[in-house]
Amino acid sequence: QQKKEASGGDFEHCGLGWNYISDNACRMQFAGAVTGVSAKKLLRLLNEVKPDLGKIKTLINGFSGHFGILYQDNSKIIAATDCIASYPIFYKKSDNDYLISTAGSALVRNGEIDKAQGKALMLSGYTVGNKTIYIDVLTFQHGQIYFQASGQTPQFSRYYQYTPWADPVESDRGQLKRNMVAVTLAAMSRVIEQAAGQTIAVPLSAGLDSRLVASALKHLGAENVVCYSYGPKGNFESRIAKQISDRLGYKWVFIEVTPDIQKKFWDTQIPKRFAAASNDFLAGPVFHDLFVTQVLLSRGLITKESIVVNGNSGDFISGNHIPLALAKSGEIYSSENADKLIEILINKHFSMWTNLVISSNTDPIRKLLRDELSLVDKLDGTKSPKSLSAIHE
């Protein structure tokens with residue numbers, strides 16, 4: 001299972017989306033892309049950085065893009081997620097050491113199921129915190145680093161922590177809009193840079209979010225863009241999407257989706273293979289774009305190096321996932337009102353199967369959430385007042 005030169009590194013099992021690269025004694029599994037940094041250059045940077053946690057955190061904190069890194073040479077092991085943990089990394093305590101892998105299945109050996117996390121996965125599609133459905137298999141959080149110098153004690157640390165409870169800043173609406181424009185264009189510029197000439201595909205529903213994505217790409221001069229829509233023939237969204245694409249000068253394609261077409265696809269082995277490959281024990285596989293993506297690949301409209309940029313995050317950017325009453329209240333979080341917040345979370349996120357939202361299933365999840373809330377003050381090392389809406393986010 002393991003080839004260990006320092007210790008703790010599993011390079012035999014590559015997770016979904018991960019690639020392997022080596023050079024003499026340096027070995028790395030790498031997923032995604034660090035903007036402007038090739039895999040070979042990344043391997044060199046990690047080899048050259050001294051086995052010092054502070055220097056390693058500074059190096060990785062300077063990276064942008066969506067990535068996962070698992071690196072090992074004769075003197076050190078480094079593992080790191082990006083600021084949203086785009087690519088899961090798994091670990092397991094083993095005697096006085098850790099086993100680390102980009103595939104959770106590599107660490108499961110007749111493991112005991114965590115029934116509470118299983119219920120969370122069933123009702124929300126995700127486990128809670130850094131746990132998987134196996135008691136002894138854990139996962140890295142966002143912006144997390146694992147560092148171990150040869151012969152030394154392993155260290156877990158964070159180079160980035162999302163803490164949305166900063167003091168509010170007074171600003172007029174015009175300035176806020178200008179800030180939003182600047183942030184949006186900066187993010188889309190990174191997408192263009194990360195694509196590095198490869199196709200950028202935009203699923204264009206003609207809604208405001210996907211329209212913004214396509215328009216921002218055009219504004220920034222992106223040329224390698226293809227827009228696509230899908231659904232029943234003649235649906236009004238696709239007609240508007242074509243008009244938008246024509247106006248922007250981008251290629252537009254339509255993919256017909258009907259129950260019969262979908263059924264034929266589900267009778268193939270592709271969904272089963274996808275489910276098996278993407279099973280990471282901490283999130284349910286998402287199938288809703290699998291058929292359309294397969295069609296785009298088969299037609300040669302995109303490749304596996306292409307980047308798909310959807311507008312699904314628009315609601316989150318606007319804060320639409322936070323209950324309005326909670327946001328307006330300005331109520332400060334405390335142990336006394338933790339139950340209130342837990343019930344809001346249960347009602348909002350743990351209700352995928354309404355007939356299974358019963359106390360025997362939700363009570364274990366309440367305990368998981370309460371345990372997570374007990375760690376809130378440790379996230380940034382302060383006990384400063386934090387609003388309920390910030391903790392919710």
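No hydrogens, no waters, no symmetry mates; every other heavy atom, side chains included, goes into these values.
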Pairs meeting criterion salt bridge (Lys or Arg N to Asp or Glu O under 4.0 Å) with involvement of residues 318-338, two or more places apart
E331-K340

Okay, side chain of R239, backbone of G234: is any donor-acceptor separation there less than 3.5 Å?
yes

Could you go through the side-chain contact (heavy atoms from CB on, under 4.5 Å) check for I78 and Q148 one step at a time?
CA-CA 7 Å; I78 301 170; Q148 183 176 10; over 6 Å; no

Taking D23 for its side chain and C26 for its backbone only, find out whether a donor-acceptor pair lies under 3.5 Å.
no

Can you pull the salt bridge (Lys or Arg N to Asp or Glu O under 4.0 Å) pairs that have at least one residue in residues 194-208, sequence neighbours excluded?
none

Short N-O contact, K367 and D363, less than 4.0 angstrom
no

Across all chains, not counting sequence neighbours, the ring-ring contact (aromatic ring centres under 6.0 Å, His included) partners of F350 are none

How about H142 and Q161: do any of their side-chain heavy atoms sit closer than 4.5 Å?
yes

Around E112, counting heavy atoms of other residues, nucleotides and ligands shown, do more than 12 lie under 6.0 Å from its CD?
no

Contacts satisfying salt bridge (Lys or Arg N to Asp or Glu O under 4.0 Å) that involve residues 141-159 (not counting sequence neighbours) are none

Side chain K386, main chain Y333, donor-acceptor under 3.5 Å
no

Please list, chain by chain and in numerical order, all residues satisfying salt bridge (Lys or Arg N to Asp or Glu O under 4.0 Å) with D267, sequence neighbours excluded.
K263

Looking at R27 and Q72, would you say the former's side chain and the latter's main chain have a donor-acceptor pair under 3.5 Å?
no

Any side-chain heavy atom of R178 sitting closer than 4.5 Å to one from D172?
yes

Nearest-0.5 Å distance that lies between atom CD in Q117 and atom OG1 in T132:
7.5 Å

What heavy-atom pair brings S245 and C227 nearest, and what distance separates the two atoms?
OG-CB, 3.4 Å

Nearest-0.5 Å distance, CG of residue N337 to CD of residue E343
12.5 Å

Strictly distance-based, threshold 3.5 Å: is any side-chain N or O of S171 a donor or acceptor partner for the main-chain N or O of Q175?
no

For a 4.5 angstrom cut-off between non-hydrogen side-chain atoms, does Y146 reach P154?
yes

Atom CD of Q141 and atom CD1 of I84: how far apart are they, to the nearest 0.5 Å?
13.0 Å

Do N61 side-chain atoms and K57 backbone N/O form a donor-acceptor pair below 3.5 Å?
no

May I ask you to check whether over 12 heavy atoms, not counting those of I358, lie within 6.0 Å of atom CD1?
yes

Between L345 and I322, is there shared hydrophobic-cluster membership here, with clusters defined by ILVMFWY side-chain heavy atoms closer than 4.5 Å?
no

Would you say the ring centroid of F291 lies under 6.0 angstrom from that of W266?
no

Taking the side chain as every heavy atom from C-beta outward, state whether L138 and F90 have any pair of such atoms under 4.5 Å apart.
no

Heavy atoms, side chains only, cut-off 4.5 Å: are I344 and P323 in contact?
yes

With a 4.5 Å cut-off on side-chain heavy-atom distances among I, L, V, M, F, W and Y, is there a chain of contacts connecting W252 to L212?
no

Does N19 reach the side chain of M28, with side-chain heavy atoms less than 4.5 Å apart?
no

With sequence neighbours left out, the residues meeting side-chain hydrogen bond (donor to acceptor under 3.5 Å, both in side chains) with R299 are none

Please determine whether the number of non-hydrogen atoms from other residues, nucleotides or ligands lying under 6.0 Å from atom NZ of K92 exceeds 12.
yes

Find out whether the Lys NZ or Arg CZ of K93 is both under 6.0 angstrom from the six-membered ring centre of Y98 and within 45° of the ring's axis.
yes

What residues, two or more places apart in sequence or in another chain, satisfy ring-ring contact (aromatic ring centres under 6.0 Å, His included) together with Y162?
none

Quick check: Y91 with F140 (ring centres under 6.0 Å apart)?
yes

Could you tell me whether F30 and Y71 have their ring centroids closer than 6.0 angstrom?
no

I'd like to know if the side chain of S351 and the backbone of T354 have a donor-acceptor N/O pair within less than 3.5 Å.
no

List for me each residue that meets side-chain hydrogen bond (donor to acceptor under 3.5 Å, both in side chains) alongside S124, sequence neighbours excluded, and say none if there are none.
none

Rounded distance (nearest 0.5 Å) linking atom CZ of R366 with atom CG of L369
9.0 Å

Evaluate the side-chain hydrogen bond (donor to acceptor under 3.5 Å, both in side chains) criterion for residues D73 and S75: first the C-alpha distance (whole Å), next the side-chain angles of each, then the deciding distance (0.1 Å), finally the verdict.
CA-CA 6 Å; D73 60 32; S75 65; 3.1 Å; yes

Each residue besides V213 in its hydrophobic cluster should be listed here, by chain and number; the cluster joins Ile, Leu, Val, Met, Phe, Trp and Tyr at side-chain heavy-atom distances under 4.5 Å.
V181, L185, M188, V191, I192, I200, V202, L204, L217, L220, V225, F236, I240, I244, L248, Y250, I307, V309

Is any side-chain heavy atom of L301 less than 4.5 Å from a side-chain heavy atom of K251?
yes

Give a yes or no on whether the backbone of G207 and the side-chain of S205 come within a donor-acceptor separation of less than 3.5 Å.
yes

Scan residues 272-296 for pairs that pass side chain to side chain donor-acceptor pair (under 3.5 Å), counting only residues two or more places apart or in two chains.
Y230-D289

Tell me every residue that passes side-chain hydrogen bond (donor to acceptor under 3.5 Å, both in side chains) with K119, counting only those two or more places apart in sequence or in another chain.
N361

With sequence neighbours left out, the residues meeting side-chain hydrogen bond (donor to acceptor under 3.5 Å, both in side chains) with H66 are S86

Does any non-hydrogen side-chain atom of Y20 lie less than 4.5 Å from one of W18?
no

Sidechain-backbone polar pair: W165 side chain, I391 backbone, donor-acceptor under 3.5 Å:
no

Would you say L297 and Y228 are hydrophobically clustered, going by side-chain heavy atoms of ILVMFWY under 4.5 Å?
yes

Under 3.5 Å: donor-acceptor pair, side chain of T81, backbone of G68:
no

Quick one: do K40 and I21 satisfy side-chain contact (heavy atoms from CB on, under 4.5 Å)? Show the steps, please.
CA-CA 8 Å; K40 286 185 178 180; I21 182 174; 3.9 Å; yes

Assess whether atom CG of N110 is packed by more than 12 heavy atoms of other residues, nucleotides or ligands within 6.0 Å.
no

CD1 (I77) and OG (S150) are apart, to the nearest 0.5 Å, by 8.5 Å

Let's go through L296 and I255 carefully: what are the C-alpha distance in whole Å and the side-chain angles of both, what is the deciding distance for side-chain contact (heavy atoms from CB on, under 4.5 Å) to 0.1 Å, and is it a yes or a no?
CA-CA 9 Å; L296 292 170; I255 299 168; 3.7 Å; yes

Group every Ile, Leu, Val, Met, Phe, Trp and Tyr by side-chain heavy-atom contacts under 4.5 Å, then state whether L368 and L341 land in the same group.
yes

Value for CD1 (I69) from CD1 (I89), rounded to nearest 0.5 Å, stands at 8.0 Å

After noting the C-alpha distance and the side-chain angles of F274 and F287, does the key distance pass the side-chain contact (heavy atoms from CB on, under 4.5 Å) rule?
CA-CA 9 Å; F274 176 79; F287 292 99; 3.7 Å; yes

